[in-house]
A.B. asks: 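A single structure is presented below for examination.
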Amino acid sequence: MSNAAPSDWTEPFSDCLARAESGDVIAARDALHTIAVLLATNNVHPQTGEPLPVPPNVRNYLARALSRMAAGVDANKAFHLKKPGPRAWSHDDKLRGAAMVAALVKEASMAVDAATAEAAHQLESLQAERKADPLGRPVPMRGRKVSAETLRGWYFELKDELAQRGL
């Protein structure tokens, strides 16, 4: 599970909620983390100290999940945290991996195959570094090994989305 909420550059939170509702277990976990931050009592306006409002889409997501629980559905299922055959990778993971490849293709003028191999190597090195990090920073890709072939697939799958985001 990710230690950070989905960031602005990876996806709007409404997309994360939609993917959670569709059964993406990893997105559902990320969504709950972000919702916990939104609902925290220390989530206040820096100048006024007033609690920040909870967006309507978050209220609706919680209302639907709580209604399912009230109807007798297990909490893990109500929040889409349990599903047979969960997706292996979150959209955030795929997008981050594809963005690494795109950056190497664009900025280092590498061929796609060379860029995917280099991105896989960089991820492996960063994972090893972060696992030994005394600050406990999040480990990319939840510490799972990502092959160059997987990164290549993500790059081509998300190439249009990366272009739309200017990456």
Side-chain angles (χ1 to χ4, degrees), residues 1-38 55 57-58 61 64-65 68 73-167:
M1 185 165 90
S2 172
N3 289 338
S7 63
D8 291 339
W9 75 270
T10 56
E11 71 175 324
F13 188 58
S14 58
D15 290 352
C16 180
L17 288 176
R19 287 187 304 89
E21 287 279 8
S22 73
D24 184 332
V25 174
I26 295 170
R29 289 180 186 147
D30 288 343
L32 284 181
H33 180 274
T34 301
I35 290 170
V37 171
L38 289 170
N57 61 341
V58 173
Y61 178 82
R64 285 188 298 273
R68 288 188 289 267
V73 174
D74 173 69
N76 284 321
K77 288 183 181 178
F79 282 101
H80 306 290
L81 298 172
K82 228 175 166 178
K83 182 181 175 190
R87 296 181 183 156
W89 299 100
S90 74
H91 187 72
D92 278 353
D93 289 338
K94 289 180 179 183
L95 199 57
R96 286 185 181 114
M100 286 183 74
V101 174
L104 290 168
V105 167
K106 184 177 180 180
E107 296 167 16
S109 301
M110 296 178 113
V112 173
D113 288 339
T116 57
E118 177 61 23
H121 175 73
Q122 286 180 10
L123 273 171
E124 192 173 329
S125 298
L126 185 57
Q127 287 171 338
E129 178 185 309
R130 290 280 178 92
K131 285 180 182 176
D133 185 356
L135 298 176
R137 291 181 292 173
V139 178
M141 305 300 180
R142 295 167 178 80
R144 296 175 51 206
K145 184 172 174 60
V146 184
S147 70
E149 295 80 26
T150 299
L151 288 168
R152 186 178 197 283
W154 294 348
Y155 172 73
F156 286 113
E157 175 187 338
L158 300 170
K159 194 173 182 179
D160 291 340
E161 185 175 344
L162 289 169
Q164 288 175 342
R165 293 171 183 259
L167 301 174

A.B. asks: What is the minimum heavy-atom distance between A120 and A148, and which atoms define it?
C.D. replies: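 Closest approach of A120 to A148, heavy atoms only: CB-N, 3.9 Å.
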A.B. asks: Test of understanding: with side-chain hydrogen bond (donor to acceptor under 3.5 Å, both in side chains), list the residues that count as partners of R64, not counting sequence neighbours.
C.D. replies: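 R64 satisfies side-chain hydrogen bond (donor to acceptor under 3.5 Å, both in side chains) with E21 once adjacent residues are dropped.
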A.B. asks: What's the separation between atom OG1 in T150 and atom CG in D93, rounded to the nearest 0.5 Å?
C.D. replies: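 CG of D93 is found 11.5 Å from OG1 of T150.
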A.B. asks: Say you draw a straight line from CG of D24 to CG of D15; how long is it, rounded to the nearest 0.5 Å?
C.D. replies: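 D24 atom CG to D15 atom CG measures 11.5 Å (nearest 0.5 Å).
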A.B. asks: Among residues at least two apart in sequence or on other chains, which ones pass side chain to side chain contact (heavy atoms under 4.5 Å, CB included) with E149?
C.D. replies: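 In terms of side chain to side chain contact (heavy atoms under 4.5 Å, CB included), with neighbours along the sequence ignored, E149 is linked to S147.
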A.B. asks: For A65, which residues count as a side chain to side chain contact (heavy atoms under 4.5 Å, CB included) partner, sequence neighbours excluded?
C.D. replies: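 Applying side chain to side chain contact (heavy atoms under 4.5 Å, CB included) to A65 gives R68, F79.
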A.B. asks: How many angstroms lie between atom CZ of R130 and atom CG of L123, to the nearest 0.5 angstrom?
C.D. replies: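 Reported value, rounded in 0.5 Å steps: 11.0 Å.
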A.B. asks: Please give me the minimum heavy-atom distance between V73 and A78, naming the atom from each residue.
C.D. replies: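 Distance-wise, the nearest heavy atoms are CG1-N, 3.7 Å.
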A.B. asks: To the nearest 0.5 angstrom, please state how far the OG atom of S14 sits from the CZ atom of R19.
C.D. replies: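 These two atoms lie 10.5 Å from each other.
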A.B. asks: If the condition is side-chain hydrogen bond (donor to acceptor under 3.5 Å, both in side chains), which residues does E124 pass it with, not counting sequence neighbours?
C.D. replies: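 Checked E124 against side-chain hydrogen bond (donor to acceptor under 3.5 Å, both in side chains); matches are K145.
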A.B. asks: Could you pull out all residues at least two apart from E157 that satisfy salt bridge (charged side-chain N to carboxylate O under 4.0 Å, His left out)?
C.D. replies: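 Residues passing salt bridge (charged side-chain N to carboxylate O under 4.0 Å, His left out) with E157: K94.
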A.B. asks: Heavy-atom distance under 4.5 Å between the side chains of T34 and C16, does that happen here?
C.D. replies: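 Heavy-atom side-chain distance check fails, nothing below 4.5 Å.
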A.B. asks: Test: side-chain hydrogen bond (donor to acceptor under 3.5 Å, both in side chains). Region: residues 110-122. Which pairs qualify, not counting sequence neighbours?
C.D. replies: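 Output for this query lists D113-R152, E118-Q122.
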A.B. asks: To the nearest 0.5 Å, how far apart are CG in L95 and CG in L162?
C.D. replies: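 Reported value, rounded in 0.5 Å steps: 5.5 Å.
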A.B. asks: Would you please classify the geometry between the W89 ring and the W154 ring as parallel, tilted or perpendicular, with 30° and 60° separating the classes?
C.D. replies: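 Geometry flag for W89 against W154: perpendicular rings.
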A.B. asks: Listed by chain and number, what are the side-chain hydrogen bond (donor to acceptor under 3.5 Å, both in side chains) partners of K131, not counting sequence neighbours?
C.D. replies: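 Partners of K131 under the side-chain hydrogen bond (donor to acceptor under 3.5 Å, both in side chains) test: none.
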A.B. asks: Given 3.5 Å as the limit, does a donor-acceptor pair link the side chain of S109 with the main chain of V105, or not?
C.D. replies: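 No: the side chain of S109 does not pair with the backbone of V105.
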A.B. asks: Applying side chain to side chain contact (heavy atoms under 4.5 Å, CB included), name anything that partners A119, two or more places apart in sequence or on another chain.
C.D. replies: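 A119 satisfies side chain to side chain contact (heavy atoms under 4.5 Å, CB included) with M100, V101, L104, L151 only.
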A.B. asks: Answer yes or no: is there a side-chain heavy-atom contact under 4.5 Å between V25 and H80?
C.D. replies: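 No, side chains not in contact.
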A.B. asks: Considering only heavy atoms from C-beta outward, does the side chain of L17 approach that of I35 to under 4.5 Å?
C.D. replies: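 They are in contact (side-chain heavy atoms under 4.5 Å apart), so the answer is yes.
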A.B. asks: Which residues satisfy the side chain to side chain contact (heavy atoms under 4.5 Å, CB included) test with K106, sequence neighbours excluded?
C.D. replies: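 If we apply the side chain to side chain contact (heavy atoms under 4.5 Å, CB included) test to K106, skipping adjacent residues, there are no hits.
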